[in-house]
> 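Okay, here's the structure, questions in a sec.
Since the model is a prediction, treat every value here as computed from it, not as a measurement. A, B, ... follow the sequence lines: proteins, then strands. Residue 1 opens every chain.
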Number of protein chains: 2
Amino acid sequence: MAKNAISPTRDQDYPQWYQQVVKAADLAENSPVRGCMVIKPWGYGIWENMQRVLDRRFKDTGHENAYFPVFIPKSFLEKEAEHVEGFAKECAVVTHHRLEPAPDGGLVPAGELEEALIVRPTSETIIGDAFSRWVQSYRDLPLKINQWANVVRWELRTRLFLRTAEFLWQEGHTAHATQEEALEETRLMLDVYAEFAEKVMAMPVIKGEKTIGERFPGADVTYSIEAMMQDRKALQAGTSHFLGQNFSRAQEIKFQDKEGGESFAWTTSWGVSTRLVGALIMTHSDDDGLVLPPRLAPKHIVILPIVREDDTSGKVIEYCQNLLKELKELTYHGYPLEAFIDDRDLRGGEKKWHHVKRGVPIRIEVGARDIEKDSVFVGRRDQPKSYGAPRGEFVASVIETLDQMQQGMFDKALALRQENTRTIKSWDKFQKFFTAKNPDKPEIHGGFAECYFVDCPEVDEKLKPLKVTPRCIPLGVEHEEGVCIFTGQKTKVKGIFGKAY
Amino acid sequence: MAKNAISPTRDQDYPQWYQQVVKAADLAENSPVRGCMVIKPWGYGIWENMQRVLDRRFKDTGHENAYFPVFIPKSFLEKEAEHVEGFAKECAVVTHHRLEPAPDGGLVPAGELEEALIVRPTSETIIGDAFSRWVQSYRDLPLKINQWANVVRWELRTRLFLRTAEFLWQEGHTAHATQEEALEETRLMLDVYAEFAEKVMAMPVIKGEKTIGERFPGADVTYSIEAMMQDRKALQAGTSHFLGQNFSRAQEIKFQDKEGGESFAWTTSWGVSTRLVGALIMTHSDDDGLVLPPRLAPKHIVILPIVREDDTSGKVIEYCQNLLKELKELTYHGYPLEAFIDDRDLRGGEKKWHHVKRGVPIRIEVGARDIEKDSVFVGRRDQPKSYGAPRGEFVASVIETLDQMQQGMFDKALALRQENTRTIKSWDKFQKFFTAKNPDKPEIHGGFAECYFVDCPEVDEKLKPLKVTPRCIPLGVEHEEGVCIFTGQKTKVKGIFGKAY
């Protein structure tokens, strides 16, 4: 076996492997500002592709984009009791609006604000305030808004993409005349996220409801999509919240209904963030670096001309340029197929590995001998061996090839999840599942446990020492009555449990 | 003459007219956070269209998007002397990372930071820091990055879009091996902005160099595009800065050159912001509300079905839906033509004016009698009278019609600027030009004055009481020798002067 491009490998040290993949693929890096990352072009390109697809879906489901202030007055955060509890402990507080020269040189904060401002950790309160002005009559409903923005939560332990003090996200905020309609919206957006995760990210997810202890601060119901990473830990990849009338009461989002009475609106919020880039990396990448589902790859195909030093004819380059032109005329899922030539003056091996580590789905090598045969040498990121193919055939089938790769990645990820999900029927086996360390018996060292349980604080307490959390109560599954493995109570509720990012 | 939709009119009270247009078109509103605006969906839709076109142009000219922290450590701002001078006086300072319950209820800032953070007013310093890591060898150059982001400058007097504490923008940042290349980049991006302003915004601009006193803090050269608004004031619509080696020295952006020596990189930065939306409004709108150049309109065509109460056949709606389908198959400058049906239950007049005020370029009214003749009733936002047209003819020529409207808007704005630009040869006439108040003699109550001058502090001082500033020294114009109207010195430099937003 050849040496791998990433060291350590996944098996050796998964967290360190993750950092090395991010670095080798040039996706992001830590910045001098504690907890804030710099998203580099290749990483940002993935986020842009995510945005492009999601934004289209949001618009197709009747949402409009808008933009709200980055600052939230302290008093706004204080309005909703659970909400402030959830976000006040880790937020960036703006207290001054000027810097002044200090007596000893340097600058000191000056111009103290009458009311401190919080850099938004989420925008329910500031958007709710706008909604309270915009919503007057039932005719103004539903109001369906989305915002693409940066948010800040002062995290102590950060990890690139997965948990950072500042991150990029979208947050949908809607207001409705009835509870039913708001609940429908909450579930619709969960479906949009799940479909995006599975079809576009090639990442299988479980749609479910969060337990009471894991709800968004201020929500009546929180739904999430949960994915299993390659280390068998869970990652919450998107959430959709039914906020009931909690925020509309706190912020007076009232409307005159058809009968002339006054009602509080029912609101929802939902979001996904740059965390998805982390989920993408951890779902698909291997010991040679990043593996990208074609639908999110900033570039689909790199063409590598192999020109011998004594070849001054320019024929190889010309052939590559023609191939590039042909490929650029194709579209892939409604967007242009992105191909490019890498003719940098680097050794062939170095150049090839550069693109392997960055996860470019298809590499094409073209040398003088290939031209004679009108064929190309194709390297697929999901296969160890390259192969030769007639140029015309390759071009004619390249879209299908990309679709196959996309499907293959999904299937592989789904198989991993299925292999590592167990129905567990006793507290004893549950503990063993999450604590045993036997590499030869994968069924007993962690993954997703599916168990009957009762959603209560007692269960949460019992789980704490194991560092396991209820991930969700899957939707759309009817259960017989069973016994809660934690409390012994009778229940019809089954949950998915796991260690989580 | 019919009553206008906007009161006051431009002639009555221009600043108030502006606010009313923004309000009537539902573009934006003030938020409870001092100086920060809420950009509403219709206003944000215009910004999205601007982003779409600009982003394409940036990528076509070899730039990649990335994202850098919203916070800048205080010490970073302090590194470049002129830069800190320019931005320290009005910035949002983060000093704490937590809120804690206060003894008297409510919350107080807690967890004081060791070093205060500034919410970015611009990102030269934090991006320069990343560049100092990314640039090692001449092979790493040029480095051409763009960021779409929010920025904050603590403005005291704000006005929606034109001057707000928080605004959205893009900031390009590039590093080059040579001065020539960096200067070329600076001018190229100025050209990109000018072309965007003229072709896409239909707003004529003057490309020029800023005087020393008006340069970006820390720049060696600042170029700008300057536009004339309908009140004849100037608006700086975009800037492109040649930063020399100032930031690369302050931040050690060094590289090993081809000869093995070490050099500082030459850097540039350039940006446009949501201020462009304000410029757009003030360039084209009229006393009936917003007028949008078709290339930036979120919707190009609204179809208004006129259904009589006793008509239950559904034929009008069906006809409209077929028309919509036909229109949606068209593309306009590479993007889908955006048409929609407004079938809300509103009076016809109310509905029509709703779209007039929002600047939808074309309104189509369809009633039962129009269907019989297979014709539609067309209202162009740039013409007072609607007209009938055979449906097929209308559809076949609609793209051309939009292009004509776009060109017409540009021509009109250019004519206004030309009518209100004067070559002025004496200080006396200059003063009169900017102070006289005679509506019958437009040549003597302001606009752009083109004058010989010497770029020196004396001139800036002399201009202050008039509230006039040198807007720019236009590029690409060769001048004979003349006399500075402010100092009497000989000079070959001609500048454009005006009152500015």
> Can you tell me how far the CD atom of B:Glu338 sits from the NZ atom of B:Lys299, to the nearest 0.5 Å?
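Between B:Glu338 CD and B:Lys299 NZ, I get 5.0 Å after rounding to 0.5 Å.
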> Where do B:His300 and B:Leu337 come nearest, in terms of heavy atoms and distance?
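Shortest heavy-atom separation between B:His300 and B:Leu337 comes out as ND1-CD1, 3.6 Å.
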> Measure the OG1-CZ distance between A:Thr164 and A:Arg153 for me, rounded to the nearest 0.5 Å.
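The CZ atom of A:Arg153 is 10.0 Å from OG1 of A:Thr164, to the nearest 0.5 Å.
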> For B:Phe167 and B:Trp169, take the angle between the two ring planes, folded into 0 to 90°, and tell me which bin it lands in: parallel under 30, tilted 30 to 60, perpendicular over 60.
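Perpendicular: the ring planes of B:Phe167 and B:Trp169 meet at over 60°.
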> Might you point out which heavy atoms bring A:Pro121 and A:Phe87 nearest each other, and give the distance in Å?
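Between these two residues, the closest heavy atoms are CB-CD2, 3.7 Å.
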> In terms of heavy-atom contacts, does NZ of B:Lys328 have more than 12 from other residues, nucleotides or ligands at under 6.0 Å?
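No, NZ of B:Lys328 has 12 or fewer neighbouring heavy atoms, counting only those of other groups under 6.0 Å.
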> If you round to the nearest 0.5 Å, how far is CZ of B:Arg275 from CG of B:Leu160?
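The CZ atom of B:Arg275 is 13.5 Å from CG of B:Leu160, to the nearest 0.5 Å.
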> Walk me through whether B:Met37 and B:Thr274 qualify under side chain to side chain contact (heavy atoms under 4.5 Å, CB included).
CA-CA 11 Å; B:Met37 66 178 159; B:Thr274 37; 4.0 Å; yes
> Can you tell me how far apart NE2 (A:His354) and CG (A:Asp342) are? Round to the nearest 0.5 Å.
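If I round to the nearest 0.5 Å, the distance is 6.5 Å.
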> If the contact rule is any heavy atom under 4.5 Å from chain A, which residues of residues 94-113 of chain B qualify, in numerical order?
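Those residues of residues 94-113 of chain B which have a heavy atom under 4.5 Å from chain A are B:Val94, B:Thr95, B:His96, B:His97, B:Arg98, B:Leu99, B:Gly106, B:Leu107, B:Pro109, B:Leu113.
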> Checking an interface table here. Which of residues 135-152 of chain A come within a heavy-atom distance under 4.5 Å of chain B?
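Listed by number: A:Ile145, A:Asn150, A:Val152.
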> How close do B:Glu124 and B:Thr122 get, counting heavy atoms only, and between which atoms?
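Nearest heavy atoms, B:Glu124 then B:Thr122: OE1-OG1, 2.6 Å.
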> Restricting to non-hydrogen atoms, name the atom on A:Lys89 and the atom on A:Glu85 that form the minimum distance, rounded to 0.1 Å.
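Scanning both residues, the minimum pair turns out to be NZ-OE2, 3.4 Å.
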> For this output row, return yes or no: ring centroids of B:Phe340 and B:His355 closer than 6.0 angstrom.
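Under 6.0 Å, so yes.
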> Crowded around B:Glu115 CD? As in, over 12 foreign heavy atoms under 6.0 Å?
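Result for CD/B:Glu115: enclosed.
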> Passes side chain to side chain contact (heavy atoms under 4.5 Å, CB included), B:Leu276 versus B:Met50? Steps please.
CA-CA 9 Å; B:Leu276 288 183; B:Met50 289 180 169; 3.8 Å; yes
> Does any backbone or side-chain atom of A:Ala92 lie under 4.5 Å from a heavy atom of chain B? Answer side chain, backbone, both or neither.
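Both backbone and side chain.
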> Return the CZ to OG1 distance between A:Arg163 and A:Thr158, rounded to the nearest 0.5 Å.
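Here the rounded value is 9.5 Å.
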> Chain B heavy atoms under 4.5 Å from A:Asn30: which part of the residue, side chain, backbone, both or neither?
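For A:Asn30, the contact with chain B is made by the backbone alone.
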> Looking only at heavy atoms, which of residues 63-79 of chain A get nearer than 4.5 Å to chain B?
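When heavy atoms of chain B are the reference, residues 63-79 of chain A contributes A:Glu64, A:Asn65, A:Ala66, A:Tyr67, A:Phe68, A:Pro69, A:Val70, A:Phe71, A:Pro73, A:Lys74, A:Phe76, A:Leu77, A:Glu78 within the under-4.5 Å range.
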> Checking A:Glu29 against chain B: side chain, backbone, both or neither under 4.5 Å from a heavy atom?
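For A:Glu29, the side chain is the part near chain B, not the backbone.
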> I'd like to verify something: which residue of A:Asp129, A:Leu117, A:Leu168 has the highest number of heavy-atom pairs under 4.5 Å with chain B?
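Most heavy-atom pairs under 4.5 Å with chain B: A:Leu168.
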> Write down the atom of B:Arg358, the atom of B:Ala25, and the distance for their closest heavy-atom approach.
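Smallest heavy-atom distance, with atoms named: CG-O, 3.7 Å.
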> Can you pull out the residues in residues 39-49 of chain A with any heavy atom less than 4.5 Å from chain B?
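Counting heavy atoms that sit under 4.5 Å from chain B, the residues of residues 39-49 of chain A involved are A:Ile39, A:Lys40, A:Pro41, A:Tyr44, A:Glu48.
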> A:Ser31, A:Pro32, A:Ala130: which one forms the most heavy-atom pairs within less than 4.5 Å of chain B?
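Counting heavy-atom pairs under 4.5 Å, the top option is A:Pro32.
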> Decide side chain to side chain contact (heavy atoms under 4.5 Å, CB included) for A:Trp134 and B:Val38; before the verdict, give the C-alpha distance in whole Å, the side-chain angles of both, and the deciding distance to 0.1 Å.
CA-CA 12 Å; A:Trp134 299 356; B:Val38 174; 3.7 Å; yes
> If I compare all heavy atoms of B:His83 with all of B:Pro217, which pair ends up nearest, and what's the gap?
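Closest approach of B:His83 to B:Pro217, heavy atoms only: ND1-O, 3.1 Å.
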> Given the options A:Arg344, A:Glu166, A:Arg34, which has more heavy-atom pairs under 4.5 Å with chain B than any of the others?
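Maximum pair count with chain B is reached by A:Glu166.
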> Rounded to the nearest 0.5 Å, how far does CZ of A:Phe247 lie from NE2 of A:His173?
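A:His173 atom NE2 to A:Phe247 atom CZ measures 9.5 Å (nearest 0.5 Å).
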> If you draw a 6.0 Å radius around CG in A:Asp60, do more than 12 non-hydrogen atoms from other residues or ligands fall strictly inside?
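Buried by this count: over 12 neighbours within 6.0 Å.
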> Side chain, backbone, both or neither: which part of A:Arg133 has an atom under 4.5 Å from a heavy atom of chain B?
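For A:Arg133, side-chain heavy atoms alone lie under 4.5 Å from chain B.
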